[in-house]
Amino acid sequence: MAAPGAGDPLEAKSGKAPMAQRIDPTREKLTPAQLQFMRQVQLAQWQKTLPQRRTRNLLTGLGIGAVVLAIYGYTFYSVSQERFLDELEDEAKAARARALERASGH
């Protein structure tokens with residue numbers, strides 16, 4: 001009888017394909033060929049997900065940039081609408097004019 005998972009692609013009990021086992025290369029003694037194969041598989045997986053990751057990173061960057069520009073634009077808009085200091089300055093000019101008027105001998 002064969003070892004479980006060796007030979008038959010479907011396990012007899014569950015009807016599912018056998019799962020790959022995680023291997024810790026620091027604990028288990030692996031041959032250089034096995035280590036090279038692991039590196040090749042990792043590189044292939046990384047290259048497979050690279051376009052999706054690049055697209056996500058681009059969309060995230062554009063989103064953050066749009067938020068920054070929106071905040072910057074809103075700040076300029078709200079400062080240009082602000083008349084608080086202009087009103088204070090007008091009141092100060094009026095107060096100075098009244099004080100000069102009183103001092104000159106009204």
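Fair warning: this is a prediction, and the values are worked out from it, not measured in the lab.
- For the side chain to side chain donor-acceptor pair (under 3.5 Å) condition, the pairs that include at least one residue of residues 50-60, sequence neighbours left out, are T49-R53.
- Here the closest heavy-atom approach between residue Q34 and residue K29 is recorded as OE1-O, 4.4 Å.
- To the nearest 0.5 angstrom, M38 atom CE is 6.0 Å from L30 atom CG.
- Ring-plane geometry between F76 and Y72 is classed as perpendicular, the angle between the planes exceeding 60 degrees on a 0 to 90 degree scale with a lower cut at 30.
- Residues meeting the side-chain hydrogen bond (donor to acceptor under 3.5 Å, both in side chains) test with R96, sequence neighbours left out: none.
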Checklist entry - Are R39 and Q42 close enough, and set up right, to give a side-chain hydrogen bond (donor to acceptor under 3.5 Å, both in side chains), and what steps lead you there? => result CA-CA 5 Å; R39 282 189 217 105; Q42 287 174 345; over 6 Å; no

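- Partner of L43 under the side-chain contact (heavy atoms from CB on, under 4.5 Å) criterion, chosen from Q47, Q40, Q45: Q47.
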